[in-house]
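One structure is given below, encoded as structure tokens.
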Amino acid sequence: MELASKYSPAQVEGKWYQYWMDNKLFSSKPDGREPYTVVIPPPNVTGVLHMGHVLNETIQDILVRRARMEGKNACWVPGTDHASIATEAKVIKRLAEQGIKKSDLTREEFLKHAWAWTDEHGGIILKQLRQLGCSCDWDRTAFTMDEERSRSVIRVFCDLYDKGLIYRGLRMVNWDPERQTALSDEEVIYHDEHSHLFYLRYYVDEPAGSTDGEEADAQVLSATEPFDPTVKHQIIHRDAQGRRYAVVATTRPETIMGDVAVCINPKDPKNTWLRGKRVIVPLVGRVVPIIEDRYVEIEFGTGCLKVTPAHDVNDYALGQKYDLESIDIFNPDATLSEAARLYVGMDRFDCRKQIVKDLDAAALMEKVEDYDNKVGYSERTNVPIEPRLSLQWFIRMQHFADIALPPVMNDDIRFYPPKYKNTYRTWLENIKDWCISRQLWWGHRIPAYFLPNQEDVPDADRQYVVAESIEKAVEKARQLKGYENVTADELIQDEGALDTWFSSWLWPISLFNGINNAGNEEIRYYYPTSDLVTGPDIIFFWVARMIMAGYEYLGDMPFRNVYFTGIVRDKLGRKMSKSLGNSPDPLDLIDKYGADGVRMGMMLSAPAGNDILFDESLCEQGRNFNNKIWNCFRLVKGWTVDADAAPTEAAATAVRWFDAKLKQTAALVDDHFSKYRISDALMAVYNLFWDEFSAWYLEIIKPAYGCAIDKGTYDVTLHYFDCLLRLLHPFMPFITEELWQNIEERAKGESIMFQPVSVIGTDADESLIRDFETVKEIISDIRAIRLQKGIAPKEELVLEVVGENKMSAYNSAISKMANISAINSVSEKSPSAVAFMVGTTEYAVPLGNLMDVEAELKKLNDELAYAEGSLRIVMNKLNNANFVSRAPEAIVAAERKKQADAESRIASLKAAIAALQS
RNA sequence: GGGCGAAUAGCGCAGUUGGUUCAGAGCGUCUGCCUUACAAGCAGAAGGUCGGGGGUUCGAAUCCCUCUUCGCCCACCA
């Protein structure tokens with residue numbers, strides 16, 4: 001077989017993926033084997049592969065492939081998520097480009113467009129996963145809005161409603177004015193913002209010049225005097241006309257049209273004079289009461305808080321407590337509504353600018369301060385959210401928090417890294433009800449049906465039934481008094497859709513149809529799944545809620561282990577983003593370096609839980625490694641084999657040593673995997689292949705040019721190669737399959753995918769490994785001498801061992817690797833020899849006239865100084881009575897051995913120096 | 001404001017119960033090599049008072065305290 005000197009992944013990867021597919025090697029069905037199940041975190045159906053996916057999916061594929069090789073029935077279920085809000089946004093954008101507004105379409109028409117979009121762009125990402133080598137069981141590909149999943153979602157909604165865990169209510173929710181829908185708390189992202197604190201005048205509703213008794217001990221400020229919030233006595237403001245006013249600080253002056261009260265703290269000395277009064281909302285002219293509540297911070301601003309129940313969560317609470325009116329001054333798109341009376345139709349931010357001008361002009365603006373505060377943004381549309389009172393559907397979460405917290409805290413479900421247990425606990429201990437309704441069309445429509453003829457009833461009080469289908473809804477409705485003859489046409493289904501995460505939280509169950517067909521064979525076999533690989537950013541969105549649903553519906557955990565990946569950043573530590581343009585296209589990388597190279601590049605720098613600073617050069621390292629593997633294979637397969645020859649002594653030694661090394665590393669890799677230290681596992685195999693196998697083993701057994709290799713060594717080398725490929729396969733599936741198939745003739749349908757790493761669990765000969773490390777050191781030292789003295793590798797040298805040659809078993813290996821013609825045991829080294837020490841043994845290479853006495857003396861003296869230094873440190877310890885008496889015996893003995901070694905080393909160094917000087 | 005985590009070689013990191021094996025591997029850097037598998041390579045080398053300070057201990061990268069600097073998560077001071 002002719003093999004190119006450079007490995008080209010492109011010719012290999014597609015071929016083997018097709019082979020795996022053709023032979024259905026990824027497919028899984030319940031059987032007698034131990035299951036190993038992973039459900040993919042479903043990417044957005046219309047999404048495309050980005051570096052975050054590459055990281056996440058590579059880790060999953062590594063785990064799945066490894067489990068499969070271990071003989072488990074590995075099942076990796078792929079699928080996509082309908083991504084309600086994101087997809088709807090994309091569809092709306094495309095419609096807009098065609099000049100169509102969403103509001104011009106019926107729900108059905110819009111959904112037709114949405115499905116068209118999904119069919120057109122959907123599943124691209126799944127195809128891309130194939131290029132990465134992901135070994136998903138594609139026959140199981142699911143979609144959160146496919147038939148089975150949709151039925152599961154609706155059924156669960158109805159069930160939770162029947163259990164009283166879902167309710168409909170008028171609440172202050174996070175409103176996304178761009179998409180015009182409610183969001184859950186988790187979908188709001190807070191950003192620091194430089195803004196302003198506006199101090200507004202609220203005149204007291206009284207005749208100019210009014211006073212009351214309290215004014216005697218008050219400080220009266222004119223309009224021009226600065227206000228000091230730390231003052232501990234009453235402060236009364238008067239303008240030039242003698243009118244008194246309160247000063248209210250706000251970041252959102254545009255909401256004054258919704259003001260219904262001003263609140264002070266009853267303990268605030270500054271503002272006691274306002275007690276019981278009424279003030280006039282600036283510009284608006286509405287007279288509102290002063291109310292008192294401990295909620296108000298005395299020290300903040302002026303201690304006066306404007307109360308706008310419709311547009312602030314806390315104000316809403318105050319409104320409820322004091323039975324205040326709620327004036328919603330915004331339309332759903334956050335323009336000013338009729339109810340605002342002023343600025344009607346203006347955008348909220350334009351309004352802020354305008355109202356500031358108008359307040360100024362009307363002398364109602366006391367002052368403006370710079371102020372940093374946090375503003376909530378919609379996770380998906382990135383517009384500031386508006387707290388908005390609206391009728392939504394909620395899940396009572398306390399019940400779910402109660403069932404989901406213990407299994408994580410007591411490690412039934414393990415988090416890697418475990419630090420996320422804290423995050424998880426904090427969230428569950430402060431759980432809030434989950435707003436699950438969205439004012440969107442793309443998603444699972446809420447299965448609530450309103451009864452007819454309720455036009456006069458306020459929204460919140462309208463009667464409805466919740467049922468899995470319209471037929472069942474009719475049945476239920478007919479049981480209600482007055483609706484005995486209601487028909488399907490008369491029932492009006494809730495317009496809203498469910499939060500996407502309401503379907504995602506069922507994913508590990510619904511994929512095996514465990515809701516619709518509870519207790520079926522698949523759910524019994526595959527559930528609980530084994531490992532979940534995901535980012536910590538969705539620990540609340542998804543991980544926690546899957547745990548909740550798992551215990552609620554199957555009474556068991558959805559997965560045993562959760563591996564949290566980091567966030568992929570660029571090498572400067574910046575988050576990868578489209579706008580920065582710092583996110584490489586994974587497919588370009590695959591073109592350039594091969595999927596195996598990209599996978600390796602990703603894994604080389606991916607400790608669990610830490611952010612990953614991705615650098616393309618890591619893929620290059622991956623590609624180079626592929627090339628290395630390729631060329632090792634070329635080398636070995638290029639040898640001619642002599643069936644009758646006996647192995648050389650050097651080869652026989654190397655074979656024994658590598659057997660130990662292979663076992664040792666396999667055990668190490670296994671240990672790393674058991675701790676989910678995947679990059680460490682990869683690095684261990686990398687070192688084994690490149691350093692131990694290629695640089696040492698192969699170089700030792702390599703026959704001289706033109707010579708054949710003995711069959712015994714050749715066969716065992718192929719066996720080692722096979723073992724190495726198996727260790728590598730989870731990380732680099734393509735090249736390992738290609739080479740494994742070429743080690744020998746394989747039957748059709750056979751694959752490395754199912755070959756166990758059989759050396760795991762067998763003991764390695766540790767002393768052999770230690771000896772060989774010594775041998776390597778001897779060889780390296782000789783090579784270093786060659787480099788220093790400019791002696792060509794081809795020129796043969798003699799090695800002298802002063803005293804007994806404890807490594808004589810390795811003579812032939814040393815001779816070959818360091819090009820040594822003879823190894824002699826001597827009692828005293830030759831005068832012209834350059835010496836070096838390995839352990840306590842002195843070695844020397846006679847150099848004749850190449851010997852540089854001065855340089856050699858300097859080197860020996862440096863070494864002597866170092867040895868004497870270490871002896872001093874050891875002696876300090878040993879001369880310390882406390883150390884000798886209190887430290888464990890073994891430690892003391894070790895120090896004594898160090899002392900002896902150092903002394904013998906010093907002695908031989910001194911002797912060597914003396915010999916040179918004579 | 002609360003909580004969590006991190007700081008070790010130029011870079012990104014590992015370092016488990018304090019002690020032979022502890023100051024490490026990878027990349028990068030430097031030096032010499034196109035040595036008949038691989039220059040996407042080979043051989044060799046240099047690089048760190050383990051963020052600062054204090055403490056516990058015979059002994060600290062490791063345990064405790066403290067300070068500094070970063071990162072993340074949570075939280076209703078408008």
Side-chain angles (χ1 to χ4, degrees), chain A residues 3 5-7 172 190 197 248-252 255 263 295-302 304-308 312-317 371 373-374 387 417 419-423 425-427 430 536-537 539-540 567 571 573 593 597 604-607 609-615 617-618 620-639 671 675 677 679-680 683-684 686-687 691 694-695 698-699 702 704-706 770 779-781 783-788 790 792-794 819 877 880-888 890-895 897-898:
Chain A
L3 296 174
S5 72
K6 297 233 185 314
Y7 172 61
M172 186 64 81
Y190 290 89
L197 198 52
V248 172
T250 179
T251 53
R252 299 200 63 190
T255 62
C263 190
Y295 162 73
V296 177
E297 293 283 334
I298 296 169
E299 301 294 333
F300 188 91
T302 58
C304 291
L305 170 74
K306 70 190 219 37
V307 182
T308 320
D312 183 277
V313 181
N314 304 299
D315 292 13
Y316 179 68
Y371 185 67
N373 66 336
K374 298 218 169 192
K419 67 177 175 187
Y420 288 111
K421 281 166 71 176
N422 279 320
T423 311
R425 189 186 64 218
T426 310
W427 189 68
N430 298 287
D537 50 327
I539 186 169
F540 310 136
I567 293 169
K571 64 179 165 186
Y593 303 105
L604 276 175
S605 59
N610 287 354
D611 283 359
I612 291 150
L613 272 60
F614 180 79
D615 185 343
S617 68
L618 291 169
E620 200 178 319
Q621 196 185 344
R623 178 200 61 183
N624 293 353
F625 186 41
N626 276 280
N627 198 49
K628 184 72 186 178
I629 298 168
W630 178 256
N631 275 291
C632 284
F633 186 75
R634 273 179 70 210
L635 172 69
V636 174
K637 286 303 259 191
W639 287 333
D671 184 56
K675 293 167 181 156
R677 300 172 62 137
S679 26
D680 289 341
M683 190 48 74
Y686 177 79
N687 285 330
D691 298 336
S694 304
L698 287 182
E699 290 299 333
K702 186 155 97 180
Y705 182 64
R770 271 198 303 277
I779 294 166
S780 289
D781 285 349
R783 286 171 174 173
I785 289 169
R786 282 183 188 279
L787 193 69
Q788 274 165 25
K794 279 180 179 164
N819 195 15
K877 279 192 183 178
N880 180 342
N882 276 330
F883 173 73
V884 178
S885 61
R886 296 193 198 180
I891 301 298
V892 178
E895 289 301 317
K897 176 155 193 312
K898 276 192 201 166

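Chain letters run A, B, ... following the sequence lines, proteins first, then strands; residues in each count from 1. What you see is a predicted model; the values in this text were computed from it and never measured.
Base contact: Lys675(A) has a heavy atom under 4.0 Å from a base atom. Residue Arg770(A) is classed as having no contact, given no heavy-atom separation below 4.0 Å to the nucleic acid. Contact annotation for Ala881(A): no contact, since no heavy-atom pair falls under 4.0 Å across all strands. The residue Leu613(A) sits close only to the backbone: its heavy atoms come under 4.0 Å of sugar-phosphate atoms, none of a base. Lys897(A) comes within 4.0 angstrom of no nucleic acid atom, judged by non-hydrogen atoms across all strands. Lys6(A) comes within contact range of at least one nucleobase, with a heavy-atom separation under 4.0 Å. Looking at heavy-atom distances under 4.0 Å, Val884(A) makes no contact with the nucleic acid at all.
Distance Asn882(A) CG to rG59(B) C1': 11 Å, rounded to the nearest Å. Rounding to whole angstrom units, CD of residue Glu299(A) and P of rA78(B) are separated by 15 Å. Summarising the geometry, the separation between CD1 on Ile629(A) and P on rG41(B) is reported as 12 Å, rounded to the nearest angstrom. The NZ atom of Lys628(A) sits 10 Å away from the P atom of rC38(B) (whole-angstrom rounding). The distance between atom CG of Asn627(A) and atom P of rC38(B), rounded to the nearest whole Å, is 10 Å. Taking atom CG on Asn422(A) and atom C1' on rA6(B), their separation rounds to 15 Å, with Å as the unit. The nearest whole Å value for the distance from the CD atom in Glu699(A) to the C1' atom in rU36(B) is 12 Å. For Tyr705(A) and rA37(B), the OH to C1' distance is 12 Å, given to the nearest whole Å.
Spacing between rG41(B) and rG48(B) at atom P, rounded to whole Å, works out to 27 Å. Taking atom P in both rC64(B) and rG1(B), one finds a spacing of 25 Å when rounded to whole Å. Taking atom P on both rG19(B) and rC27(B), the two are 28 Å apart, rounded to the nearest angstrom. Taking the P atoms as reference points, rU62(B) lies 14 Å from rG54(B), given to the whole Å. Atom name C1', nucleotides rU29(B) and rA46(B): the rounded distance is 9 Å, in whole Å. Nucleotides rG10(B) and rG59(B) place their C1' atoms 32 Å apart, quoted to the nearest Å. Rounded to whole Å, the C1' atom of rU21(B) lies 44 Å from the corresponding atom of rG2(B). Of the P atoms belonging to rU31(B) and rA14(B), the separation is 31 Å, rounded to the nearest Å.
Close to rG41(B), at under 4.0 Å from its OP1 or OP2, lies no side-chain N or O of Arg634(A). For the OP1/OP2 pair of rA37(B) and a distance below 4.0 Å, the side-chain nitrogens and oxygens of Lys702(A) include at least one atom meeting the criterion. For rA37(B), neither phosphate oxygen OP1 nor OP2 lies less than 4.0 angstrom from any side-chain nitrogen or oxygen of Ser5(A). Checking the phosphate oxygens (OP1, OP2) of rG41(B), a side-chain nitrogen or oxygen of Asn624(A) falls inside 4.0 Å.
Two residues are said to be in side-chain contact when any heavy atoms from C-beta on lie closer than 4.5 Å; Met683(A) and Asn687(A) meet this criterion. Between Ile567(A) and Asp537(A) there is no side-chain heavy-atom pair separated by less than 4.5 Å. Taking 4.5 Å as the limit, some side-chain heavy atom of Leu305(A) sits within range of a side-chain heavy atom of Asp315(A). Side-chain contact between Arg252(A) and Asp312(A): absent, with no pair of heavy atoms (C-beta onward) separated by less than 4.5 Å. Using a 4.5 Å heavy-atom threshold, the side chains of Pro536(A) and Thr423(A) count as separate.
The aromatic rings of Tyr371(A) and Phe300(A) stand perpendicular to each other, their planes meeting at an angle above 60°, with 30° marking the opposite boundary.
Of the listed nucleotides (rG12(B), rA78(B), rU36(B)), rA78(B) has the atom at the smallest distance from the side chain of Asn373(A). The side chain of Arg783(A) approaches rA43(B) more closely than any other nucleotide in the set rA14(B), rU20(B), rA43(B). Closest approach to the Ile891(A) side chain among rU36(B), rA40(B), rG19(B) is made by rG19(B) (side chain taken as heavy atoms from C-beta onward). For Lys419(A), the side-chain atoms get nearest to rC4(B) when compared with the rest of rA14(B), rA43(B), rC4(B).
The backbone N or O of Asn882(A) lies less than 3.5 Å from a partner atom in the side chain of Ser885(A), making a donor-acceptor pair. Not one N or O on the side chain of Asn627(A) forms a donor-acceptor pair closer than 3.5 Å with the backbone of Arg623(A). Counting only distance, with no hydrogens or angles, the side chain of Asn430(A) and the backbone of Thr426(A) share a donor-acceptor pair below 3.5 Å. A side-chain donor-acceptor contact under 3.5 Å links Asn631(A) to the backbone of Ser5(A).
Along RNA chain B, the nucleotide nearest Ser694(A) and the nucleotide nearest Thr250(A) are compared for position; the residue whose nucleotide lies closer to the 5' end is Ser694(A).
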- Message: Within the 4.0 Å limit for protein heavy atoms, which parts of nucleotides 21-34 of chain B are touched? Write it as a string from 5' to 3', B for base, S for sugar-phosphate only, - for none.
- Response: ----SSS----S--
Please write out the pairs of protein N or O atoms and N or O atoms of nucleotides 73-77 of chain B separated by less than 3.5 Å, giving the distance to one decimal.
unit_1	atom_1	unit_2	atom_2	d
rA75(B)	N6	Lys374(A)	NZ	3.1
rC76(B)	O2'	Asn314(A)	ND2	2.9
rC76(B)	N1	Asn314(A)	OD1	3.0
rC76(B)	O2	Asn314(A)	OD1	2.9
rC77(B)	O2	Glu297(A)	OE1	3.3

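Note that CZ of Phe883(A) and CD1 of Ile891(A) are 7.0 Å apart. Values are rounded to the nearest 0.5 Å.
Secondary structure note: stems in RNA chain B built from 3 or more consecutive Watson-Crick or G-U wobble pairs under 3.5 Å occupy B:1-7 with B:68-74, B:29-33 with B:41-45, B:51-55 with B:63-67.
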